[in-house]
Amino acid sequence: MPDWDKVRSVAVLYPNSGIQHLVKKIELAQKDVVLFTMPDKKDICWLTQRPNSEVKELVSARPFDVLIDLTQEPSRTMQYMAIYVCADFKTGRHTREGIYDMTIATPAQEKPDFLYEQIIKYIKMFSQNN
């Protein structure tokens, strides 16, 4: 479990760019943050829903301390992106795929703000107990 105070870089996954206020919140916590959104349809294999090699290289080109996946609805493409991101610690909404080091069980209809607050709460709580 990372110590949130020592985390310097955060990758955030979200299907669109509608979470700029959360990106700002992470930046205000003095973290370098990169938002990865859903690739264009031309960059996704229609059969497997896997992003093409250019997207994979873009997402995996830089290491991060933490990946926060705020994707609400299940998306195979976004799951592949979560796998491709090079991060020491990965977290997101609970899924059966086992991609993350920590998951939060929230209904899909919850706003990403709620999921974000829960993720940060538990990272801080567990890092204080170590």
Side-chain angles (χ1 to χ4, degrees):
M1 183 68 68
D3 181 342
W4 185 248
D5 292 333
K6 294 179 181 174
V7 167
R8 295 291 159 235
S9 59
V10 178
V12 177
L13 284 180
Y14 193 67
N16 59 54
S17 60
I19 59 164
Q20 294 304 329
H21 63 290
L22 293 178
V23 171
K24 289 285 185 206
K25 205 179 249 193
I26 298 169
E27 289 173 339
L28 286 173
Q30 299 181 336
K31 318 287 183 219
D32 182 28
V33 60
V34 175
L35 174 62
F36 294 110
T37 59
M38 180 68 83
D40 292 333
K41 288 185 179 184
K42 66 178 176 51
D43 295 325
I44 302 171
C45 173
W46 67 271
L47 183 62
T48 63
Q49 299 177 357
R50 185 178 291 200
N52 67 22
S53 60
E54 289 86 22
V55 173
K56 181 180 177 182
E57 287 176 24
L58 172 72
V59 173
S60 64
R62 175 181 168 199
F64 294 93
D65 295 325
V66 174
L67 164 69
I68 299 175
D69 185 350
L70 297 176
T71 305
Q72 300 299 100
E73 297 294 326
S75 164
R76 185 162 296 209
T77 302
M78 295 304 282
Q79 289 172 347
Y80 277 119
M81 299 216 4
I83 291 168
Y84 297 153
V85 170
C86 179
D88 295 333
F89 185 82
K90 296 181 180 185
T91 182
R93 193 169 65 80
H94 179 70
T95 62
R96 293 185 303 201
E97 281 72 25
I99 297 169
Y100 309 109
D101 300 302
M102 180 183 79
T103 61
I104 304 292
T106 65
Q109 67 269 19
E110 287 288 344
K111 293 183 178 184
D113 300 64
F114 179 75
L115 179 57
Y116 170 78
E117 294 300 331
Q118 293 299 304
I119 287 171
I120 300 305
K121 171 183 150 183
Y122 285 105
I123 287 176
K124 287 180 177 180
M125 180 175 34
F126 288 126
S127 65
Q128 288 174 354
N129 290 331
N130 288 336

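One is the number of the first residue; the rest follow in order along the sequence.
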Quiz item: Roughly how far, to the nearest 0.5 Å, is the CE atom of M1 from the CG atom of D101?
Solution: 8.5 Å

Quiz item: CD1 of I44 to CD of Q49: how many Å apart, nearest 0.5 Å?
Solution: 8.0 Å

Quiz prompt | Residue pair K6 / D65: nearest heavy atoms and the distance that separates them | solution = O-OD2, 4.5 Å

Quiz item: Between E54 and K42, is there a side-chain N and carboxylate O pair less than 4.0 Å apart?
Solution: no

Quiz item: In this structure, are over 12 heavy atoms from other groups packed under 6.0 Å from Y122 atom OH?
Solution: no

Quiz item: Taking atom NE2 of H94 and atom OH of Y100, what is their separation to the nearest 0.5 Å?
Solution: 11.0 Å

Practice problem: Decide if atom CZ of R76 counts as having more than 12 heavy atoms of other residues, nucleotides or ligands within a radius under 6.0 Å. | Solution: no

Practice problem: For V10 and F64, work out which heavy atoms get closest and say how close. | Solution: C-CD2, 3.6 Å

Quiz item: Would one find more than 12 heavy atoms of other residues, nucleotides or ligands at under 6.0 Å from atom NZ of K31?
Solution: yes

Quiz item: What pair of heavy atoms forms the shortest contact from Q72 to P112, and how long is it?
Solution: OE1-CA, 3.8 Å

Quiz item: Taking C-beta and beyond as the side chain, do P15 and E73 meet within less than 4.5 Å on heavy atoms?
Solution: no

Quiz prompt | Interatomic spacing from OG1 in T106 to CD in E117 - rounded to 0.5 Å | solution = 13.0 Å

